[in-house]
Amino acid sequence: MKTKNQNADFLHVGEKLLAWYKNHGRDLPFRKTNDPYKIWICEIIFQQTRIEQGLNHYRNFIQRFPDVQTLAHAETDEVLLYWKGLGYYSRALNLHKAALQIINDFNGVFPSAHQDILQLKGVGKYTAAAISSICFGKKIAAVDGNFYRVLSRVFADDFDVSHAKAFDYFSELAVKMMPEKEAGHFNEAMMDLGSEICKPKNPVCIYCPLNEACLAFNLGKIPLFPVKTKKVKPTDLELTYYFVEYKDQFLIKQRQVDFIWKKLYEFPTEIPVVFEKLISGQKKISHKLTHKNLTIHLYKVTLHSKKMFDDFATQEQFSAITYEDSHQKSFPKPLENYLFSLFEGE
DNA sequence: AAGACGGGGAT
DNA sequence: ATCCCAGTCTT
């Protein structure tokens, strides 16, 4: 009997959330479709990425790669180009690999079984749950940062969200709240509430549809939740680049190492000693990565001999391109900014 | 279980 | 300067 009443309470909160969503949910382009391909793309783009930041990328990506066949048959470089500036570039590489998986393993049809979806490169528990619920009506919670924040506050639950079991723990809570046949909308509702009302800082509790039920709010303990113990320590990283130019061309190569900016283009990292007297100056670039304070020492090397330029490019397997052509390559943000500063106004 | 992986906006 | 965002993959 006790269990029954508790479940009824959970369900009541879920229905409140859903009612709020129908009136106050955000109007986003991918909310108008149940096409698993489009939902997949949008879920990957918006991993660790704000809606405002990725919205244009989503639109451009879908326009250029409207279906899984188009994506699978594209060059990796072009997929990367459409990812330029989004960060976490392995997402784009995995996206392309997964498109080929769908062609080869699933006959070119986006899989509908949850376990199959989970097999796709770059698709983890969250993304698989989002696709399964939104596109295929499966009653599965797409537990993300919003779920952790909202649920930990509503139940004043101090379960450590950085713990490995947090996904399953909060998933169980969420499923209890989920109205039948509304898993997709429920998941979207939780994201919108977390984004617009139950924000990390200064949540707008007075407008929250769940404030009557919210334990943390009624206890005045909102700032205590969610509990997150994982601590990250910033480290320092220094890189050296040489911007080697001849007339209107400069040298680039593609990063292959499994480190930051894998598969993105960059400048030479070392030059022959005889070039050193041609260095016209150093520019220092400071850039903050997620857990790194990055300093780039950037030297500009202006060559006046086409033979030296060509020989160096050939021996070290660099490519020579113009500034105009560089728009067709994906550069790390700090290098992109440098290029822009060099050529702006021309 | 812990680290690595980008970039940008809010506070 | 710090936090954290529609997380996933690799030790």
Side-chain angles (χ1 to χ4, degrees), chain A residues 25-26 28-31 38-58 80 83-95 97-98 117-134 140-150 160-167 170-171 174 184-196 198-204 223 226 228-235 237 255 257-264 286-294 330-337:
Chain A
R26 292 175 291 185
L28 301 169
F30 39 86
R31 289 275 169 78
K38 292 197 178 77
I39 298 300
W40 169 49
I41 300 298
C42 101
E43 292 304 338
I44 301 295
I45 286 181
F46 293 111
Q47 284 170 10
Q48 302 293 285
T49 304
R50 286 197 172 69
I51 296 299
E52 315 80 67
Q53 188 188 351
L55 215 43
N56 265 338
H57 284 86
Y58 171 77
L80 236 17
W83 211 263
K84 185 181 338 193
L86 265 184
Y88 283 164
Y89 300 95
S90 65
R91 290 182 295 171
L93 301 176
N94 285 146
L95 213 48
K97 287 180 193 164
I117 296 172
L118 219 32
Q119 297 308 308
L120 300 175
K121 300 293 182 200
V123 174
K125 293 161 81 172
Y126 161 76
T127 303
I131 298 172
S132 288
S133 62
I134 294 171
I140 304 174
V143 180
D144 68 343
N146 293 304
F147 276 68
Y148 291 145
R149 198 166 53 253
V150 173
D160 182 1
V161 300
S162 50
H163 192 280
K165 298 276 85 164
F167 185 100
F170 286 101
S171 170
H185 290 320
F186 176 87
N187 285 332
E188 294 170 320
M190 195 68 92
M191 297 174 200
D192 281 11
L193 189 78
S195 165
E196 307 203 312
C198 198
K199 302 179 293 184
K201 309 290 181 193
N202 304 324
V204 200
K228 184 185 305 184
T229 62
K230 187 159 60 179
K231 39 189 163 280
V232 282
K233 52 240 172 256
T235 60
L237 175 65
R255 289 182 70 88
V257 288
D258 200 356
F259 184 41
I260 58 171
W261 303 324
K262 186 180 182 183
K263 296 286 187 181
L264 267 58
S286 295
H287 193 85
K288 183 74 175 72
L289 276 54
T290 302
H291 297 142
K292 286 186 176 61
N293 298 311
L294 172 63
S330 199
F331 286 93
K333 202 63 183 177
L335 299 188
E336 174 127 310
N337 291 343

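Residue numbering restarts at 1 for every chain, and letters A, B, ... go by the order of the sequence lines. All values below were derived from every heavy atom in this structure, side-chain atoms included, with hydrogens, water molecules and symmetry-related copies excluded.
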What is the separation between atom [atom1] on [X] and atom [atom2] on [N], rounded to the nearest whole Å?
X        : N      : atom1 : atom2 : result
A:Gln48  : C:dC3  : CD    : C1'   : 12 Å
A:Leu86  : C:dG7  : CG    : P     : 14 Å
A:Ile260 : C:dT10 : CD1   : P     : 18 Å
A:Arg91  : C:dG7  : CZ    : P     : 9 Å
A:Lys228 : C:dC3  : NZ    : C1'   : 8 Å
A:Phe46  : B:dG7  : CZ    : P     : 17 Å
A:Lys262 : B:dA4  : NZ    : P     : 17 Å
A:Phe259 : C:dT11 : CZ    : P     : 15 Å

Sugar-phosphate, base or nothing in reach of [X], heavy atoms under 4.0 Å:
X        : answer
A:Ile45  : nothing
A:Lys165 : nothing
A:Arg26  : base
A:Phe30  : base
A:Ser90  : nothing
A:Ile51  : base

Margin query: Measuring from atom CG of A:Leu120 to atom CH2 of A:Trp40, what distance do you get when rounded to the nearest 0.5 angstrom?
Written below: 6.5 Å
Check: Can you say whether the rings of A:Tyr58 and A:Phe46 are parallel (under 30°), tilted (30 to 60°) or perpendicular (over 60°)?
Finding: tilted
Is a side-chain N or O of [X] found less than 3.5 angstrom from the main chain of [Y], in a donor-acceptor match?
X        : Y        : result
A:Ser195 : A:Met191 : no
A:Asn94  : A:Lys97  : no
A:Arg255 : A:Ile260 : yes
A:Asn146 : A:Asn187 : no

Looking only at side-chain N and O atoms, does [X] come under 4.0 Å of OP1 or OP2 in [N]?
X        : N     : value
A:Trp261 : B:dG7 : yes
A:Gln47  : C:dA6 : no
A:Tyr148 : C:dC4 : no

Next item on the list: With DNA chain C as reference, determine whether A:Asp258 or A:Tyr88 sits nearer its 5' end, using the nearest nucleotide of each.
Entry: A:Tyr88
Check: Does A:Lys121 or A:Glu43 map to a spot on DNA chain C nearer the 5' end, using the closest nucleotide for each?
Finding: A:Glu43
Check: Looking only at atom P, what distance separates C:dA6 and B:dA4, rounded to whole Å?
Finding: 24 Å
Sub-3.5 Å pairs of nitrogen or oxygen atoms, protein against nucleotides 8-11 of chain B:
unit_1 : atom_1 : unit_2  : atom_2 : d
B:dG8  : N2     : A:Arg50 : NH1    : 2.4

Margin query: Counting only side-chain heavy atoms from C-beta out, which of B:dG7, B:dC5, C:dA6 sits nearest to A:Lys292?
Written below: B:dC5
Notebook entry, point to check: Pairs in or reaching into residues 40-50 of chain A: which pass salt bridge (charged side-chain N to carboxylate O under 4.0 Å, His left out), with residues at least two apart or in two chains?
Noted result: none
Margin query: Quick check: on DNA chain B, is the nucleotide nearest A:Thr235 upstream (toward 5') of the one nearest A:His163, or the reverse? Name the residue that is more 5'.
Written below: A:His163
Checklist line | Which residue lies more 5' along DNA chain B, comparing A:Leu264 with A:Ala164 via nearest heavy atoms | finding: A:Ala164
What residues form a side chain to side chain donor-acceptor pair (under 3.5 Å) with [X], not counting sequence neighbours?
X        : result
A:Asp192 : A:Arg26, A:Arg31
A:Thr229 : A:Asp160, A:Ser162
A:Asn337 : none

Notebook entry, point to check: Near DNA chain C, under 4.0 Å by heavy atom, which residues of residues 122-134 of chain A?
Noted result: A:Gly122, A:Val123, A:Gly124, A:Lys125, A:Tyr126, A:Thr127
Item checked: Shortest non-hydrogen separation from A:Gln53 to A:Gly85 and the atoms involved -> NE2-O, 4.1 Å
